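Treat the numbers as computed from the prediction; the structure is a model and nothing was measured. Computed over heavy atoms, backbone and side chain alike; hydrogens, waters and symmetry mates excluded.
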Amino acid sequence: MTGVCIAAGMVCVVYYLAIIIYAGITADFAWIWLAAGVVFLGGGFLVRYGKSHPGFFPGWLKGTVIALFIAGAVIFLAICGKVIQGMTWKGSSDLDYVVVLGAQVRGNVPSKALNKRLKAALAYAEENQDTILILSGGKGSGEDITEAECMKEYLSAHGVPGDRMILEDKSTNTRENLAFSADLSPCAQSRTGIISNNFHVYRAVKLAHKLGYRNAEGIAAESDPLLQVHYVVREVFALVKEKLKGNI
């Protein structure tokens, strides 16, 4: 058990460093890997100390810690399974609407995450010529134009006609993306797909259902391979947060 804890702790710390080197010190939620590394390493050394000092940890304490760890692991893995399930969703053909969720724009250029969503949106639009795209995303810090406008420019440059695009340019988060899109169109009462990076699709669909979307389907775009595990873990905590807030 000591070796397992120490090994897990080292893996978490190394992954944290890899995220920071790759995505920068401000990478969202990256600290969770450093925290996990400290917990695992600390736990490993405590287990080693307890073995060499019999009676240091009361039996009830060890039992409680083990029970809590097992319960937490089961809940975590169950939610992970839901996130991974959403990563496989491709959506039905000939949907009435597809909501393309916005992501960061750097100046007026789509970020890597948004670019992957746009590629998925373009592929779907080309295969389903009657589907209307709702491009959803406002203007945030560091963005010269709204995310909706950035998406329109990309799709227009790749041949999608303007009459197939509806711009929702006020939202600042996923829930607002979906709520404001429903205000601009009958997408909540129609057969509607939701495009986002694969790790985010399950939560987006759950939010849509809570907001009254009757026939919402997920369409998973690709995600960054190096950050995939990080995104899935982060999404587990995001789902718990949304559940506690009553949004799903």
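For CZ of Arg234, the number of neighbouring non-hydrogen atoms (other residues, nucleotides, ligands) closer than 6.0 Å is greater than 12. Taking a 6.0 Å sphere around CZ of Arg48, one finds it holds 12 or fewer heavy atoms contributed by other residues, nucleotides or ligands. Annotation for Lys116: atom NZ counts as buried by contact number, over 12 foreign heavy atoms lying within 6.0 Å. Crowding of Phe69 atom CZ: a count of heavy atoms from other residues, nucleotides or ligands under 6.0 Å not exceeding 12.
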Start with the C-alpha gap between Tyr16 and Ile32, add the side-chain angles, then the distance that decides, and say whether side chain to side chain contact (heavy atoms under 4.5 Å, CB included) holds. CA-CA 8 Å; Tyr16 167 76; Ile32 192 67; over 6 Å; no

Let me see the working for Tyr213 and Leu178 under side chain to side chain contact (heavy atoms under 4.5 Å, CB included), right down to the final yes or no. CA-CA 9 Å; Tyr213 280 64; Leu178 298 166; 3.9 Å; yes

Go through the steps for Asn247 and Lys241 under the test side chain to side chain contact (heavy atoms under 4.5 Å, CB included), then give the verdict. CA-CA 9 Å; Asn247 291 335; Lys241 179 181 177 180; over 6 Å; no

Ile166 vs Leu133, side chain to side chain contact (heavy atoms under 4.5 Å, CB included): CA-CA, chis, key distance, verdict: CA-CA 6 Å; Ile166 298 173; Leu133 304 179; over 6 Å; no

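In this structure, CE in Met151 is found 12.0 Å from OG in Ser156, a value given to the nearest 0.5 Å. In this structure, the separation between OH on Tyr154 and CG on Leu114 is 9.5 Å, given to the nearest 0.5 Å. Note that CD1 of Ile219 is 13.0 Å distant from CZ of Arg117, once rounded to the nearest 0.5 Å. Atom CD of residue Glu143 and atom CD of residue Gln104 lie 6.0 Å apart, to the nearest 0.5 angstrom. For the atom pair Ile134 CD1 and Ser181 OG, the distance stands at 5.0 Å (nearest 0.5 Å). Taken from CD in Glu126 to CG in Leu155, the straight-line distance is 9.5 Å, to the nearest 0.5 Å.
In this structure, Tyr124 contributes its side chain and Leu95 its backbone to a donor-acceptor pair below 3.5 Å. No donor-acceptor pair under 3.5 Å is formed between the side chain of Arg214 and the backbone N or O of His209. Arg164 places a side-chain N or O within 3.5 Å of a backbone atom of Ala125 that can act as its donor or acceptor partner. Looking only at distances, a side-chain donor or acceptor of Glu176 sits under 3.5 Å from a matching main-chain atom of Thr172. Judged by distance alone, the side chain of Thr88 and the main-chain N or O of Gln85 form a donor-acceptor pair under 3.5 Å. Of the possible polar contacts, none joining the Asp96 side chain to the Thr192 backbone as a donor-acceptor pair under 3.5 Å is found.
There is a path of hydrophobic side-chain contacts, each under 4.5 Å, that joins Phe76 to Ile79. Under the 4.5 Å side-chain contact rule for hydrophobic residues, Val236 and Ile84 share a cluster. With hydrophobic clusters built from ILVMFWY side chains whose heavy atoms lie under 4.5 angstrom apart, Ile195 shares a cluster with Val105. Taken together through direct or relayed side-chain contacts under 4.5 Å among Ile, Leu, Val, Met, Phe, Trp and Tyr, Tyr97 and Met165 form parts of separate hydrophobic clusters. The hydrophobic clustering, which links ILVMFWY residues whose side-chain heavy atoms are closer than 4.5 Å, places Ile19 and Val11 apart.
Contact record, Leu239 with Ile248: O-CD1, 3.5 Å, taken as the closest heavy-atom pair. Taking all atoms of both residues into account, the shortest heavy-atom contact from Ala221 to Ala120 is CB-CB, 3.7 Å. Contact between Phe199 and Gln228 at its shortest, heavy atoms only, is CB-NE2, 4.0 Å. In terms of heavy-atom proximity, Leu101 sits nearest to Ser196 at CD1-CB, 3.9 Å. Shortest non-hydrogen contact noted between Asn177 and Gly102 is OD1-N, 4.2 Å. Of all heavy-atom pairs between Ile194 and Ala208, the closest is CD1-CB, 3.6 Å.
Between Val98 and Val100 there is a side-chain heavy-atom pair separated by less than 4.5 Å. You'll find the side chain of Pro110 reaches within 4.5 Å of the side chain of Leu118, heavy atoms only. The side-chain heavy atoms of Thr146 and Lys170, taken from C-beta on, include no pair separated by under 4.5 Å. The shortest distance between side-chain heavy atoms of Leu211 and Arg175 falls below 4.5 Å. Using a 4.5 Å heavy-atom cutoff, the side chains of Val205 and Glu217 are not in contact. Residues Val232 and Cys80 have side chains in contact (heavy-atom distance under 4.5 Å, counting atoms from C-beta outward). Put simply, the side chain of Lys210 does not reach to within 4.5 Å of the side chain of Lys206, judged on heavy atoms. Using a 4.5 Å heavy-atom threshold, the side chains of Asp169 and Phe180 count as separate.
Using modelled atom types and a 3.5 Å distance limit, the side chains of Asn197 and Ser223 yield no donor-acceptor pair. For Tyr231 and Asn198, the side-chain atoms include no donor-acceptor pair closer than 3.5 Å. One side chain, Ser171 or Glu168, offers a donor N or O that lies under 3.5 Å from an acceptor on the other.
Between Arg203 and Glu242, at least one side-chain nitrogen of the basic residue sits less than 4.0 Å from a carboxylate oxygen of the acidic one, meeting the salt-bridge criterion.
By the 30° and 60° cut-offs, the orientation of the rings of Trp33 relative to His230 is tilted. Between Phe29 and Trp31, the ring planes lie perpendicular to each other; the angle is over 60°, past the 30° to 60° tilted range.
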